[in-house]
Amino acid sequence: MTDRPHLAVIGAGPAGLAATVAAAAHGVRVTLIDSTARAGGQFYRQSAAELNARRPQALHHRWRPWERLRDSLARYAEAGHTTHLTDHHVWFVERRSDHFTVHALAGPAQEDPVEVRADAVLLATGGYEKVLPFPGWTLPGVLTAGGAQAMLKGSLAVSGRTAVVAGTGPLLLPVATGLAAAGVEVAALVESADPKAFLRRTRALAAQPGKAAEGARYAAQLLCHRVKLLTRHTVVEAHGDERLEAVSVAALDTDGRVRPGTERRLVCDTLAVGHGMLPHTDLAETLGCRLEGLAVHVDDEQRTDVPGVWAAGETTGIGGADLALAEGHIAGRSAAARLTGAVPEPREWVTAVKSRTRLREFFAALDAVYAPPACWTDLITDDTVVCRCEEVTGGAIREAVAGLGAGDVRTVKLLTRAGMGWCQGRMCGPAVAGLAGCELTPSRRPFARPVPLGVLAHAGEAEDDEQQ
């Protein structure tokens, strides 16, 4: 099997799995590299094997596509067509004249350097949550909506007995219903979007009746669990001494500002809050791939503008699991054809192309509906911590802008250290940009994650030996 062209797929979520299966089925040897212990990504996140979940499908919808992908991956692995590297954290992809080298840190402790050499690379690195701070958001008990979902799916655990789910976006629905089904009392689902906004985009939304039916099922489950739905509302503040005890929510006016006199207090020990997702583009940026906005630009075959590099899923734009599956299938088929010297024939994946087109239009409409409140920065007080790594407050950032003339995220970073910590601005970036009054732009980093100096030294020695 070693004479087959070799494709490295980074990320084992829906896009990476679909790409791996499609490429392996069409003559390519695939190494699937992922940072988690089990395949699935966030959408198909699996609980630890030792938990012995009796009905794992109860925490998921669209379980059958996952079963097909899982079984296909196992079948191709048994045949020697695929290799799945788990607990491998990719920090850099090196492009050479005739191959790519994927550099990773293996194991839960991320201590063992590993290199994977491949003829081409497919990036399916997914996305991460957009975090918008507010007073009290650093209290224990406050977590992201995706974090609450990951805890429930991955460890079959919840962070408390009474929860409020808040923010904006379709992710709030499965999070609220999932927590309620797990026995948590969900005091309210607080959604900042205006339901009337859907009426202005009925054409794009009506083109996906399955999604509308899915939303109706979630609404029925919320009703069944007696979850209060507060639309055009937002969280104003989280309260508590040692940990979260309550949250204050208030109604929004048409300009996205808090309406005076509408504030109410909800007792809870958990707040799951989310305001959408952002694409993971670190590896694409280090390879020199062109970005379109905050996402990786791809052509009709999911190719980036860097030869030998494909991208699929949330890294090319946030669009959910179904879109990721379609893009992953197209990318895997295209990569297999070009690596084996064949001419790609898009008619062979026409169903995936049609699905991709419709879903991109659908999620473009959702993005317009589920935008964060226009005046969300008004909620950030001067003593609200914005950058948790460096403990930089909203007041310090405002002073850098108004008093020192900072007009972009980089200058704010230089003046305040916001974004210089462990996460390198991935979490605080949107908030800093909002307070600075500028667009959030990609920040090209040399590596996708922190790397021990010893690993860098080892990589440098290996390169010297290869050149000699």
E345 meets the salt bridge (Lys or Arg N to Asp or Glu O under 4.0 Å) criterion, sequence neighbours left out, with R347

(request) Side-chain contact test, heavy atoms from C-beta onward, threshold under 4.5 Å: evaluate it for L339 versus D119 and give yes or no. (result) yes

To the nearest 0.5 Å, atom OG1 of T416 lies from atom CG of L404 at 10.0 Å

Show which side-chain atoms of residues 369-378 pair as donor or acceptor with protein atoms under 3.5 Å away, not counting sequence neighbours.
none

Item to complete: Tell me, with the steps shown, if T82 and T31 meet side chain to side chain contact (heavy atoms under 4.5 Å, CB included).
Response: CA-CA 6 Å; T82 64; T31 298; over 6 Å; no

(request) Give a yes or no on whether the backbone of D300 and the side-chain of R356 come within a donor-acceptor separation of less than 3.5 Å. (result) yes

| message | When you compare the side chain of R398 with that of I380, does any pair of heavy atoms fall below 4.5 Å? | response | yes

So the salt bridge (charged side-chain N to carboxylate O under 4.0 Å, His left out) pairs with at least one residue in residues 320-329 (sequence neighbours excluded) are R62-D322, K211-D322, E327-R360

query: Would H88 and V114 satisfy side chain to side chain contact (heavy atoms under 4.5 Å, CB included), going step by step from the backbone distance to the final call?
result: CA-CA 8 Å; H88 279 60; V114 174; 3.8 Å; yes

With sequence neighbours left out, the residues meeting side-chain hydrogen bond (donor to acceptor under 3.5 Å, both in side chains) with T381 are D383, T384

By side chain to side chain contact (heavy atoms under 4.5 Å, CB included), M151 pairs with (sequence neighbours left out) L143, S155, A157, S159

Sorted by chain and number, sequence neighbours left out, side chain to side chain contact (heavy atoms under 4.5 Å, CB included) with E129 holds for T144, A145, L171, M277

(request) Please examine the side chains of V93 and T101, heavy atoms only from C-beta on, and report whether any two atoms are closer than 4.5 Å. (result) no

Measure from the side-chain N and O atoms of Q424 to the backbone N and O of G421, and report whether any donor-acceptor pair falls under 3.5 Å.
-> yes

Nearest heavy-atom contact between T86 and A37 is CG2-O, 3.5 Å

- Task: For H81 and R75, run side chain to side chain donor-acceptor pair (under 3.5 Å): C-alpha distance rounded to whole Å, both residues' side-chain angles, the deciding distance at 0.1 Å, then the answer.
- Result: CA-CA 9 Å; H81 298 166; R75 186 169 64 252; over 6 Å; no

Exercise for the section: Evaluate the side-chain proximity of F100 to L287: yes if any heavy-atom separation is below 4.5 Å, no if none is. Expected result: yes

Residues pairing under salt bridge (charged side-chain N to carboxylate O under 4.0 Å, His left out) where one sits in residues 385-395, two or more places apart or in two chains, turn out to be E390-R417

Check your understanding: With a 4.5 Å heavy-atom cut-off, do V175 and L179 have their side chains touching?
Key -> yes

Open item on the list: Are P65 and Y44 packed together at the side-chain level, in the sense that at least one heavy-atom pair is separated by less than 4.5 angstrom?
Closed with: yes

Residues L379 and P135: closest non-hydrogen pair is O-CD, 3.1 Å

Side chains of residues 330-337: which donor-acceptor partners sit under 3.5 Å, not counting sequence neighbours?
from: R333; atom 1: NE; to: H26; atom 2: NE2; distance (Å): 3.3
from: R333; atom 1: NH2; to: E348; atom 2: OE1; distance (Å): 2.7
from: S334; atom 1: OG; to: E301; atom 2: OE1; distance (Å): 2.6
from: S334; atom 1: OG; to: W310; atom 2: NE1; distance (Å): 3.0

Next on the checklist: One pair to check against side chain to side chain contact (heavy atoms under 4.5 Å, CB included): V165 and L271. What are the steps and the verdict?
Outcome noted: CA-CA 6 Å; V165 178; L271 172 62; over 6 Å; no

Ignoring hydrogens and geometry, is there a side-chain-to-backbone donor-acceptor pair from S355 to T351 under 3.5 Å?
-> no

Output for pair (R70 CZ, L17 CG), nearest 0.5 Å, gives 11.5 Å

Looking at T357 and V353, would you say the former's side chain and the latter's main chain have a donor-acceptor pair under 3.5 Å? yes

Indicate yes or no for a side-chain donor-acceptor contact from H6 to the backbone of R117 under 3.5 Å, with no hydrogens or angles considered.
yes

Applying ring pair (Phe, Tyr, Trp, His ring centres under 6.0 Å) to F362 and not counting sequence neighbours gives none

Interatomic distance, CZ@R426 vs SG@C389, rounded to 0.5 Å, equals 10.0 Å

Rounded to the nearest 0.5 angstrom, the OG1-CG distance for T315 and L122 is 10.0 Å

On a heavy-atom basis, the closest approach of V401 and L435 is CG2-O, 4.2 Å

In this structure, CD of E361 is separated from CG of L323 (nearest 0.5 Å) by 11.5 Å

- Please report the C-alpha distance between E191 and H233 in whole Å, then the side-chain angles of each, then the deciding distance to 0.1 Å, and finally whether the side chain to side chain donor-acceptor pair (under 3.5 Å) criterion is met. CA-CA 6 Å; E191 169 60 69; H233 280 66; over 6 Å; no

In terms of heavy-atom contacts, V309 and C289 come closest through CG1-SG, 4.0 Å

Exceeds 12 heavy-atom contacts within 6.0 angstrom, atom CG of D71: yes

Point to revise | Any donor-acceptor pair under 3.5 Å from Q42 side chain to G146 backbone | key: yes

Sidechain-backbone polar pair: T125 side chain, H280 backbone, donor-acceptor under 3.5 Å
yes

The complete set of salt bridge (charged side-chain N to carboxylate O under 4.0 Å, His left out) pairs with one or both residues in residues 82-92, sequence neighbours excluded, reads none

E314 side chain to G319 backbone, donor-acceptor under 3.5 Å
yes

Heavy atoms of V296 and A311 approach each other most closely as CG1-CB, 4.1 Å

### Flag side-chain contact, heavy atom, 4.5 Å: W66 against P14
no

### Task
For the pair Q302 and T316, evaluate side chain to side chain contact (heavy atoms under 4.5 Å, CB included) and give the outcome as yes or no after the intermediate values.
CA-CA 9 Å; Q302 299 294 140; T316 68; 4.2 Å; yes

query = Would you say the side chain of L105 lies within less than 4.5 Å of the side chain of P452, judging by non-hydrogen atoms?
reply = yes

- [ ] Kindly assign one of parallel, tilted or perpendicular to the pair F447 and W91, based on the angle between their ring planes and the thresholds 30° and 60°.
- [x] perpendicular

Looking only at heavy atoms, the pair that brings P430 and L132 closest together is CB-CD2, 4.2 Å

d(L325 CG, L359 CG) to nearest 0.5 Å is 9.5 Å

Take atom CD in E67; do more than 12 heavy atoms of anything else shown fall under 6.0 Å from it?
yes

D253 meets the side chain to side chain contact (heavy atoms under 4.5 Å, CB included) criterion, sequence neighbours left out, with D255, R257, R259

Is the side chain of T393 donor-acceptor paired with the backbone N or O of A396 at a distance under 3.5 Å, no angle test?
yes

Donor-acceptor pair, distance only, cut-off 3.5 Å: does the side chain of W137 make one with the backbone of V385? yes

By side-chain hydrogen bond (donor to acceptor under 3.5 Å, both in side chains), R217 pairs with (sequence neighbours left out) none

